[in-house]
Amino acid sequence: MGSYGMLARRAVLTETPVMVQIQELIRGVKDCISLAQGVVYWQPPKQALEKVQQLVWEPSVSRYGADEGIFELREALIKKMRQENNLHKSSVMVTAGANQAFVNVVLTLCDAGDSVVMFAPYYFNAYMSFQMTGVTDIIVGPGDAKTLHPDADWLEKTLRETKPTPKLVTVVNPGNPSGTYIPEPLLKRISDICRNAGCWLVVDNTYEYFMYDGLKHICLEDNHIVNIFSFSKAYGMMGWRVGYIAYPSEVEGFGAQLLKIQDNIPICASIISQRLALFSLEMGPEWVTNQVKDLVKNRALVLEALSPLGEDAVRGGEGAIYLWAKLPDKYPDDFKVVRWLARRHKIVIIPGRSSGCPGYVRISYGGLVEDDCRAASDRLRKGLEELVKDGMVE
Ligand SMILES: Cc1ncc(COP(=O)(O)O)c(C=O)c1O
């Protein structure tokens with residue numbers, strides 16, 4: 001005992017979750033403010049919480065439910081997907097959040113040893129989901145230097161030339177960690193490339209409602225596309241753990257295989273959480289867009305705080321709750337800068353290396369009300385000014 005030799009290589013060789021490292025950093029710095037974790041500051045709708053409160057004594061919430069999700073929620077989701085996402089031929093499975101949805105999808109579609117494609121900067125948990133399921137041949141494609149849009153020409157060439165053909169391509173739209181939105185024509189092109197190559201496309205739509213400046217989120221539907229959604233950010237339900245998978249109804253056996261995975265991980269998402277999700281959905285998308293609309297103020301505050309890095313340093317931010325920024329060239333060790341900012345300026349952000357891009361950082365602006373975000377931005381600005389002017393002085 002006492003050696004990695006006794007533990008699964010699958011787990012040992014998977015990256016350490018960046019948020020666990022960051023939480024440790026936060027615990028070690030008194031009175032620090034976090035612009036690190038991807039969270040929102042609001043709670044679920046009051047009416048929905050009040051309704052759920054009355055349900056705790058009902059026997060059904062203490063029993064197992066249907067693996068694929070309670071009937072009423074699935075029905076409501078099918079309706080929502082038709083009305084809001086233009087998805088008409090998709091079946092739905094409710095999961096314990098979008099991360100579990102992603103693992104379900106990987107286990108359903110990929111075998112150990114398959115290759116898959118992501119784009120830098122990528123969502124770290126998706127990367128880890130591949131690693132821990134034995135899908136270790138992860139091909140990371142480039143994004144456009146300015147827009148960070150996935151490079152579709154590169155994708156076309158890579159899917160044509162890689163043998164065997166990669167099994168799956170995944171994107172987050174709008175993105176984590178960059179907030180970049182993939183416009184409809186580009187998403188369609190990526191989808192066509194995947195279809196022609198015989199490859200799955202998995203789109204994580206966790207931030208579907210987090211769109212700014214008049215942009216509108218869209219989903220695509222086809223027999224090679226899987227869409228993933230989450231209640232976590234939209235309805236302030238991070239801790240309730242509810243997400244869902246929209247998969248093509250016409251693909252024979254997809255649902256049956258998904259159920260095998262589901263039955264061995266959560267069996268079903270928590271029943272009381274699914275009830276809260278249903279009550280929250282009844283509030284309508286306006287409830288969410290109303291919460292989201294003020295986040296542009298936080299985004300502006302953080303954008304201003306990043307200005308010491310120079311005009312061209314900031315990327316993304318059309319959607320989601322993130323801005324992505326390049327540190328000056330002389331700081332390739334982004335984690336060192338993150339630790340220094342925490343220690344000296346009591347502000348915590350995420351190192352870009354966890355998304356495959358050393359020398360960059362991710363700033364999350366959804367977790368603080370405006371006044372707190374202003375205080376956090378002041379610290380970030382001071383820290384970056386010092387970094388640029390004097391370096392990492394102690
Ligand atoms: C792109 C993306 N997918 C999934 C998740 C996890 O969501 P959930 O809480 O629904 O598991 C997050 C959370 O940060 C995310 O940013």
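In listed order, ligands and their atoms are each counted from 1.
One finds no salt bridge joining D312 and K326 here, because no Lys/Arg side-chain nitrogen approaches an Asp/Glu carboxylate oxygen to under 4.0 Å. Salt-bridge check for E370 with R374: passed, with a basic side-chain N closer than 4.0 Å to an acidic carboxylate O.
Taking the ring axis of F335 as reference, the NZ or CZ atom of R339 stays within 45° of it and closer than 6.0 Å to the ring centre. Cation-pi check for K233 over Y209 is not met; the charged atom does not lie both under 6.0 angstrom from the ring centroid and within 45 degrees of its normal.
If you check which protein heavy atom lies closest to atom 3 (N) of ligand 1, you get D204 OD2, 2.6 Å. Protein heavy atom closest to atom 13 (C) of ligand 1, with residue, atom name and distance, is K233 NZ, 2.8 Å. Of the protein's non-hydrogen atoms, Y123 OH, 3.1 Å is the one closest to atom 5 (C) of ligand 1. For atom 7 (O) of ligand 1, the nearest protein heavy atom (residue, atom name, distance) is A98 CB, 3.8 Å.
Nearest heavy-atom pair across W324 and P121 is CZ2-CB, 3.4 Å.
For ligand 1, the polar-atom distance check against Q100 finds no nitrogen or oxygen pair separated by under 3.5 Å.
The shortest heavy-atom distance from Y207 to ligand 1 is under 4.0 Å.
Within ligand 1, the atoms closer than 4.0 Å to a non-hydrogen atom of R241 are 8 (P), 9 (O), 11 (O), numbered from 1 in the order shown. Each of the following atoms of ligand 1 lies closer than 4.0 Å to a heavy atom of V172: 1 (C).
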